[in-house]
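For ligands, and for the atoms within them, numbers begin at 1 and follow the listed sequence.
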Amino acid sequence: MSTGKLTIDLDALVANWQALDARTACATAAVVKADAYGLGMARVARALAKAGARQFFVAVAEEGAALRQALGPDADIFVFSGHMPGDADMIGDMHLTPMINSLDQLIRHVEALPGHGFGIQLDSGMNRLGMEPDEWAAVREVALGQNPALIMSHLACADEAAHPMNAAQLATFREMTADTGVPLSLAATGGCLMDADFHFDLTRPGIGLYGGQPFEDARPVVTLDIPVIQTRRVAPGETVGYGNTYTATRETRIATIAAGYADGIHRIMGPKTVLYAEDVPCPVAGRISMDLIGVDITDLGHDPASLRLLGAEQGVDDLADNAGTIGYEILTSLGARYDRRYIGG
Ligand SMILES: *Cc1c(COP(=O)(O)O)cnc(C)c1O
């Protein structure tokens, strides 16, 4: 076995969903787009459905079709991108609920699939998806006449609870949805952690389920152990890796491990990143290559069989900080080569 071993803890995932659910008085969905943030949509969604999740969100209809096959007929599957050209068969056959983003989408939907359920996505200020106030005012009556299943909007700054954008979007969303009588949804993970005004009828957490910020109390879900292929002694003055960026300043022991930037371990995180042998941190030595990384194991005192990049000691947000990015990007970059194992669930 020479690929990294990625272990996904379904009990931790379920505990995170339950903990976010317990913070609100409303229903809690699960966002499983992008293969459940890289962790495997079918396994993740089945574990959450077993724990009681009934509503799931995906980005595109293709993901919704795959999710329907994984979950069977009972779950509600909402599609953020709405009803795109060519999606009618998938939406119809797989009983997906498109979140309609524009008048064009609304017309496309009711013409292609009259009577088929849909939701409405409103833009409350992020300017990414959804109908703006004018457009919504124009179609509101017609749309409400067709009994939408859900009306939602999305917060741009929910990772900063005190940001004034949150209150501004809340006010806009309230204004746009007043007297609709339709179930409402505004909160993703960040919104779940804000006060009850933001919760409405359904929350839509993603990253918090997978152990990422801004859910501080999340349990870590992923562990990544990378096998050591070879170890060697490096004398003071010798260098390690491409570009000679690391020069040994003492008698050094280097382990070469079987993963690299092709597996989502971004090159830029190298200088700040360590790997763990039990609780001993071992710094990356030199540049991260495509399939290999040199690690300084001198202080460990023995040659380990593998080293841990992700786990309780160092989580996705630590790696994200090292790489100048966010936990979402670390998770969705996790490589296809890893040997994926699921525990719990
Ligand atoms: C991705 C996404 C979510 C989930 O967001 P998290 O920050 O991962 O909880 C919710 N709603 C929309 C519209 C999204 O695009």
Can a donor-acceptor pair be found between the side chains of D303 and T231 at a distance below 3.5 Å? yes
Quiz question: by atom type and distance under 3.5 Å, do the side chains of T273 and N322 form a donor-acceptor pair? yes
Among protein heavy atoms, which sits nearest to atom 9 (O) of ligand 1, and what does the distance come to when rounded to 0.1 Å? T189 OG1, 2.5 Å
Backbone or side-chain N or O of Q121 under 3.5 Å from ligand 1 N or O: no
For ligand 1, is G208 a contact, meaning one of its heavy atoms is under 4.0 Å away? no
List the steps, then state whether salt bridge (charged side-chain N to carboxylate O under 4.0 Å, His left out) holds for D197 with R174. CA-CA 10 Å; D197 286 353; R174 279 203 173 126; 3.7 Å; yes
Between E238 and A235, is there a donor-acceptor pair closer than 3.5 Å when you use the side chain of the first and the backbone of the second? yes
Measure from atom 2 (C) of ligand 1 to every heavy atom in K33, H154, M152, R204 and give the option owning the shortest one. K33
May I ask you to check whether V31 has an N/O atom sitting below 3.5 Å from an N/O atom of ligand 1? no
Please state whether Y210 comes within less than 4.0 angstrom of ligand 1, counting heavy atoms only. no
Please write down residue, atom name and distance for the protein heavy atom closest to atom 8 (O) of ligand 1. Y37 OH, 2.5 Å
How far is atom 7 (O) of ligand 1 from the closest protein heavy atom, and which atom is that? Y328 OH, 2.6 Å
Which ligand 1 atoms, with their elements, are less than 4.0 angstrom from a heavy-atom of P205? 9 (O)
Charged N to carboxylate O below 4.0 Å: is that the case for R108 and D87? no
For atom 5 (O) of ligand 1, find the nearest protein heavy atom and state the residue, atom name and distance (0.1 Å precision). A188 CB, 3.4 Å
Distance only, no hydrogens: is a donor on one side chain within 3.5 Å (strictly under) of an acceptor on the other, for S102 and D104? no
Verdict with reasoning, R250 to D299, per salt bridge (charged side-chain N to carboxylate O under 4.0 Å, His left out): CA-CA 11 Å; R250 58 173 175 169; D299 293 335; 3.0 Å; yes
Considering only heavy atoms, does F57 approach ligand 1 within less than 4.0 Å through its side chain, its backbone, both, or neither? neither
Under a plain distance cut-off of 3.5 Å, with no hydrogens placed, do R204 and H154 share a side-chain donor-acceptor pair? yes
With backbone taken as N, CA, C and O and side chain as the heavy atoms from C-beta onward, which portion of Q213 lies under 4.0 Å from ligand 1: side chain, backbone, both, or neither? neither
